[in-house]
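As a basis for the values below, the full set of heavy atoms in this structure was taken, side chains included, without hydrogen atoms, waters or symmetry mates. Residue numbers begin at 1 in each chain, while the letters A, B, ... track the order of the sequences.
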Amino acid sequence: MIVEVEAYGGPLDGPWPDAASHSFRGFGGRNWVMFGPAGRLYTYRSHGIHVCANVVCATDGVAGAVLLRAGAVEAGIDVAQARRGDSTPPPALARGPGNLCSALGITMDDNGIDLFDAESPVRLTPSEEHVGADGPRVGVSKAADRPWRFWLAGRQEVSLYRRSPRAPALGESD
DNA sequence: GGTAAGATCAGC
DNA sequence: CTGATCTTACCT
């Protein structure tokens, strides 16, 4: 169950201008999925090491996505631990976007798949859980104060907030 | 064609 | 605080 997400917009001329988004500078090499139809998985490699996953959200032709930042593993704890390390405590298995992909076995090969197709190796099902809290996004140096991170309050699986050291002082970022 | 920064994480 | 080390953007 996803317990923490972050919203990312698109270019200046779109509905959600967002300098922190991969799609801010327009359609390109890695971000093409973000411009496609909603419900697809957009994966990217972070710092050369980790894979992070987004759910594409806007209509076809408009860039917008939600980064999956943390989840609670409700089934297959043993499988997730085999991927992350057997001594990893369950709440930490999918805490953080890189760890979440590791625990779920999401790789760059999954980029662009349809999350609502029963045939897909990764799928998403809506839940009744409501958003509990919001705040600024983790690690972004642009638009660092924009409260576009959402999580379920009180859940142990939610990652810790870290402001980017490269972000301007509080209040000086758009 | 070079270089630096980045939607990260684990280990000192 | 640092290193790991891929991808792109933004220079020259």
* Does A:R163 pair with A:D145 as a salt bridge, N-O distance under 4.0 Å? ->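 Answer for the salt bridge query: yes.
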Round to the nearest Å and state the distance from [X] atom [atom1] to [N] atom [atom2].
{"X": "A:N31", "N": "C:dT7", "atom1": "CG", "atom2": "P", "result": "15 Å"}
{"X": "A:Y42", "N": "C:dT7", "atom1": "OH", "atom2": "P", "result": "12 Å"}
{"X": "A:L100", "N": "B:dA10", "atom1": "CG", "atom2": "C1'", "result": "17 Å"}
{"X": "A:L160", "N": "B:dA10", "atom1": "CG", "atom2": "C1'", "result": "14 Å"}
{"X": "A:R163", "N": "B:dA7", "atom1": "CZ", "atom2": "P", "result": "14 Å"}
{"X": "A:I49", "N": "B:dG11", "atom1": "CD1", "atom2": "C1'", "result": "13 Å"}
{"X": "A:H50", "N": "B:dG11", "atom1": "NE2", "atom2": "P", "result": "11 Å"}
{"X": "A:N54", "N": "B:dT8", "atom1": "CG", "atom2": "P", "result": "11 Å"}

Base, sugar-phosphate, or nothing for [X], non-hydrogen atoms under 4.0 angstrom?
{"X": "A:S164", "answer": "nothing"}
{"X": "A:R25", "answer": "sugar-phosphate"}
{"X": "A:M108", "answer": "nothing"}
{"X": "A:R30", "answer": "sugar-phosphate"}
{"X": "A:N99", "answer": "sugar-phosphate"}

Check step by step if side chain to side chain donor-acceptor pair (under 3.5 Å) holds for A:R69 and A:S159. CA-CA 8 Å; A:R69 284 203 54 89; A:S159 65; 3.2 Å; yes
Are A:Y8 and B:dA7 stacked, counting the six-membered base ring, centres under 5.5 Å, planes under 30°?
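Whether judged by distance or by angle, A:Y8 passes, so it stacks on the base of B:dA7.
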query: For A:R84 and B:dA10, is the shortest distance between a side-chain N/O and OP1 or OP2 below 4.0 Å?
result: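 For B:dA10, OP1 or OP2 has a side-chain N or O of A:R84 closer than 4.0 Å.
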Duplex segments of DNA chain C, taken as runs of at least three Watson-Crick or G-U pairs that stay under 3.5 Å
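Result, WC/G-U stems under 3.5 Å: B:1-6 with C:6-11, B:8-11 with C:1-4.
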Could you give me the CA-CA distance, side-chain angles and deciding distance for A:Y44 and A:H22, then say whether ring pair (Phe, Tyr, Trp, His ring centres under 6.0 Å) is met? CA-CA 10 Å; A:Y44 68 91; A:H22 289 167; 4.5 Å; yes
Separation between the C1' atoms of C:dT7 and B:dA10, rounded to whole Å: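 It comes out at 22 Å once rounded to the nearest Å.
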- Message: Within the structure provided, determine whether A:T43 and A:L41 are in side-chain contact (heavy-atom separation under 4.5 Å).
- Response: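 Heavy-atom side-chain distance check passes, below 4.5 Å.
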**OP:** Measure from NZ or CZ of A:R30 to the centre of the six-membered ring of A:W32, then state whether that distance is under 6.0 Å and the direction lies within 45° of the axis.
**Re:**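 No, A:R30 does not sit over the ring of A:W32.
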Under 6.0 Å from the ring centre and within 45 degrees of the ring axis: does the NZ or CZ of A:R40 meet both conditions for the six-membered ring of A:F116?
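Ring-cation test returns no.
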Looking at A:L67, A:D18, A:D134, which one forms a side chain to side chain contact (heavy atoms under 4.5 Å, CB included) with A:W148?
->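 Only match with A:W148 under side chain to side chain contact (heavy atoms under 4.5 Å, CB included): A:D18.
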